[in-house]
Structures are given as C-alpha cells and as structure tokens.
Number of protein chains: 2
Amino acid sequence: MPLDDAQHEYVDKVATFFAMLGSARAWAEILGWLMICEPAEQTQAQIAEDLGLSAGTVSTQLRSHVQLGMVEQVRVRGDRTQRYRLRPGAWYGVMASELERIRALGDLARAGETVLPRDRPERVTELGDLADFFAREWPPLMERMTAELEKGSA
Amino acid sequence: MPLDDAQHEYVDKVATFFAMLGSARAWAEILGWLMICEPAEQTQAQIAEDLGLSAGTVSTQLRSHVQLGMVEQVRVRGDRTQRYRLRPGAWYGVMASELERIRALGDLARAGETVLPRDRPERVTELGDLADFFAREWPPLMERMTAELEKGSA
DNA sequence: CAGTTGTTTCAGGTCATACTGAAATCATGC
DNA sequence: GCATGATTTCAGTATGACCTGAAACAACTG
C-alpha cells in the first residue's frame, strides 16, 4: 500500500530528524515507515516500492537496522518472503545501549590520566567523574523506565 | 609546545572516538588537545602549529566548538591574540543539552499520532512515553549530577 | 601611519559515502 | 530438479563534507 500524504509527511519528518544526527537518509526513511506502516511487517520489496528506494539500498540499510537491534526479521512458514518489523521495545533498547557509550567515555577519561595537565587537570578528571556518575545512575534509571512503560501499557 | 608521544596518542584516541560518532576529525583533534594542552589557553595559531592543521580549519572548527558551548574565548588585555580554552563545565553542558534532543523526540512522537497505525500503535506511542519519561527524569538527574561533581571538586 | 601577526573567508581538490541498477545468489513452491 | 521471485552483492556515479592554501581582513605595536 503506497503512502498517503500524511504518512509521507511523517516519514519525511522522521528522516529529517535522524539525518540531522548523521544517519543516512534512506536508513531514517525506513525507520520512519516501519513506525507507521500497515501491517507492521513488511517485505524488502514492499518497502522499496513504497518509499521509492532501490532494492539494494533497502537491503543494506535494513541489515544495519537489524544489527543495531531496531528491526527484526519475522519468519513466515509457507511463504518465501522474509518480513521485517520494528522490534518491540526498540526505543528502550536504544536508551539501554547508551550505557556502552558512557563506559567508553569513562575509558577515554581514564586514558587521559597518563597525560594529565598540571594546569586545570579537571578538563580530564571532570569527564571521568561524569562518566562514573552516569555509569552508576543509568542501570537504575533503565529499571524505572521499564517499570513505568509497562505500567502504561498494562 | 609540540606534542610528545603520549599526548599525540591521546589526542588521536579522543579524535578516533568522536570521529566514530560522526564528528569531523579536526574538530575532535582540537577537542582532545584542548583537554590536555599546557597552558589550557591556546591561540588558533598555536593549535594549528601543534596539530599540523591549516589555520582555516582551526578557525572553522573552533567556531563550531564555541557555538556548541564546549570552548570559550579568553580575552587578554594588552595582547593582540585571542586565546581559546575548554570551557569549565563543558562536559556538564553537553549532558544538560541532551534535554533538547529528548524534547525533539517527544515532538516527533506526538506528530506521529496523526498517522497512528491500527496495527501495533505502540511503535509510535512507546516513543512518546519514553520521551516523556526522560523529560521528567532529566532535570533532577542533572541536579544530582552537579551536586555530586561539586562535592568531588570541593 | 606603516608593519606585523593573527584570524576569517572562500574557491578548489580530495576523499568518503549513499544510492542506483544490474547481475549473481538464495530460498521456496511446484 | 526447475522455475519464480526475493534478497544480496557490487561496480559505478553522484553528492556532499573536510581540509588546504591563499587572499582579504582585523588588531595591535612601534
């Protein structure tokens, strides 16, 4: 089913947002469309057709989504075609994975201690303190988040 | 003062990290150098010389840092040259500004309500709930952060 | 006011990457 | 096993970003 005007506008809005953050346009368009398409499960061919993208682009960018954990494949017995859909809890997963980046920042700060400047060393140490703080706070924050979101959907 | 081996390695580490997140290499190198250079205040010419970058690149990328609030200019009376340094609390500011992105995500989710799919509408609504959650949690988290970091530096 | 040094601007070269289109590959149904 | 259609791969193109180098500009010194 092709996109109507409102859907097209929304896909564009999502694509613009994520493109601003550095994502490939096609990557972001696919994400936007998978948020609102009907049914939620779509084949690569359908996505390519609906968004006017080449099959190659859809294949590549979908693989990226799958690797990032945003999208999952759905096997349908008796049907040759694979379907893809936004993974339940996809948004939650994105936030949870931020912890890895926080840890990487902490590593970066610790590596800086070997070249710690005498003048204003807090340029480096503040980063370490910040990373430590978030490394401590993030897990309980994630727990509160899941508790809150489940409550909403119950 | 040119970089010694350890400093060069660290600048490279910082540059690689931020380049992975999509930053320009020169932007990230300048950031890394401003974290550990001595003294903390540097002129554009010094930075260009030390990092082996052109004056134009340093001018452009430094302006970006200033606009993002990471770096500030230091006026020195009686000296023709402007100096730049990593802003105190620069890392804190980065985290605090995340609230804007959270709000933007919320706007995106709300815009999606006009095209809410019948099948699995939580693809959109979960994003909104998530954004609302973080919009509520972020300010108190920031307060705890500042309290904690001040305690450490006291 | 001229000279010197630091900064900004900008045209051009270089490089990385997104995307396409087509060929190859794969998976399934008959 | 063959035919069909979906998916993957890949060479080629194009778009855009980064960076440089040079010229214009600004700010201070003597």
Side-chain angles (χ1 to χ4, degrees), chain A residues 1 11-12 14-34 37 39 41-68 70-85, chain B residues 1 11-12 14-34 37 39 41-68 70-85:
Chain A
M1 190 181 64
V11 168
D12 209 63
V14 174
T16 302
F17 179 81
F18 285 99
M20 253 179 31
L21 302 183
S23 306
R25 175 106 198 154
W27 184 96
E29 282 185 14
I30 291 170
L31 176 60
W33 180 225
L34 285 181
C37 61
E41 294 81 17
Q42 297 276 315
T43 67
Q44 289 196 15
Q46 284 172 336
I47 295 171
E49 164 74 18
D50 293 340
L51 294 178
L53 295 170
S54 75
T57 297
V58 172
S59 174
T60 303
Q61 301 300 335
L62 255 188
R63 192 215 315 289
S64 163
H65 278 300
V66 170
Q67 285 174 346
L68 289 172
M70 289 291 296
V71 169
E72 65 186 358
Q73 299 181 11
V74 184
R75 305 206 145 278
V76 178
R77 287 174 54 84
D79 190 347
R80 175 161 73 272
T81 74
Q82 192 69 251
R83 315 234 159 195
Y84 296 82
R85 70 166 176 214
Chain B
M1 190 182 62
V11 168
D12 208 63
V14 174
T16 301
F17 180 81
F18 286 100
M20 252 180 31
L21 302 183
S23 305
R25 176 106 197 152
W27 184 95
E29 282 185 14
I30 291 171
L31 177 60
W33 180 225
L34 285 181
C37 61
E41 293 81 16
Q42 298 275 317
T43 68
Q44 289 196 14
Q46 284 172 337
I47 295 171
E49 164 73 18
D50 293 339
L51 294 178
L53 295 170
S54 75
T57 297
V58 172
S59 174
T60 303
Q61 300 301 337
L62 256 187
R63 192 214 315 288
S64 164
H65 278 301
V66 171
Q67 284 173 347
L68 288 172
M70 289 291 296
V71 169
E72 65 186 359
Q73 299 181 11
V74 184
R75 305 209 147 278
V76 179
R77 287 175 55 83
D79 189 347
R80 172 160 80 273
T81 73
Q82 192 69 252
R83 315 233 159 197
Y84 295 83
R85 71 168 174 212

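Predicted model only: the values in this text are computed from it and were never measured.
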Could you tell me if the side chain of [Y] sits less than 4.5 Å from the side chain of [X], heavy atoms only?
X: B:S23; Y: B:M20; answer: no
X: A:L62; Y: A:L34; answer: yes
X: A:T57; Y: A:I30; answer: no
X: B:R25; Y: B:T16; answer: yes
X: A:D50; Y: A:Q42; answer: yes

Assign the ring pair A:F18 / A:W27 to parallel, tilted or perpendicular, where the plane angle (0 to 90°) is split at 30° and 60°.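 Answer is perpendicular, since the angle exceeds 60°.
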Atom-to-atom span, [atom1] of [X] to [atom2] of [N] - whole angstrom:
X: B:R75; N: D:dC28; atom1: CZ; atom2: C1'; answer: 13 Å
X: B:F18; N: D:dA17; atom1: CZ; atom2: P; answer: 21 Å
X: A:L62; N: D:dT8; atom1: CG; atom2: C1'; answer: 12 Å
X: B:H65; N: D:dC18; atom1: NE2; atom2: P; answer: 12 Å
X: B:W27; N: D:dT20; atom1: CH2; atom2: C1'; answer: 21 Å
X: B:R25; N: C:dT17; atom1: CZ; atom2: C1'; answer: 18 Å
X: B:L21; N: D:dA17; atom1: CG; atom2: P; answer: 18 Å
X: A:L53; N: C:dA22; atom1: CG; atom2: P; answer: 16 Å

Dump the intermediate steps for side chain to side chain contact (heavy atoms under 4.5 Å, CB included) on A:H65 and A:Y84, then the final yes or no. CA-CA 10 Å; A:H65 278 300; A:Y84 296 82; over 6 Å; no
B:Q46 vs B:R83, side chain to side chain contact (heavy atoms under 4.5 Å, CB included): CA-CA, chis, key distance, verdict: CA-CA 10 Å; B:Q46 284 172 337; B:R83 315 233 159 197; 4.2 Å; yes
Under 3.5 Å, N/O pairs linking protein and nucleotides 6-9 of chain C:
| from | atom 1 | to | atom 2 | distance (Å) |
| --- | --- | --- | --- | --- |
| C:dT7 | OP1 | B:Q82 | O | 3.2 |
| C:dT7 | OP2 | B:Q44 | N | 3.4 |
| C:dT7 | OP2 | B:A45 | N | 3.0 |
| C:dT8 | OP2 | B:Q44 | OE1 | 3.3 |
| C:dT8 | OP2 | B:Q44 | NE2 | 2.4 |
| C:dT8 | OP2 | B:S59 | OG | 3.0 |
| C:dT9 | OP2 | B:R63 | NH2 | 2.4 |

Taking atom CE of A:M70 and atom OG of A:S64, what is their separation to the nearest 0.5 Å?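 One gets 10.0 Å once the value is rounded to the nearest 0.5 Å.
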How sharply is the helix from C:dC1-D:dG30 to C:dC30-D:dG1 bent, taking the axes over five pairs at either end and rounding to 10 degrees?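 Here the local axes at opposite ends form an angle of 20°.
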Name the nucleic acid region contacted by B:G52, choosing base, sugar-phosphate or nothing; use a 4.0 angstrom heavy-atom cut-off, strictly under.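 Touches sugar-phosphate only.
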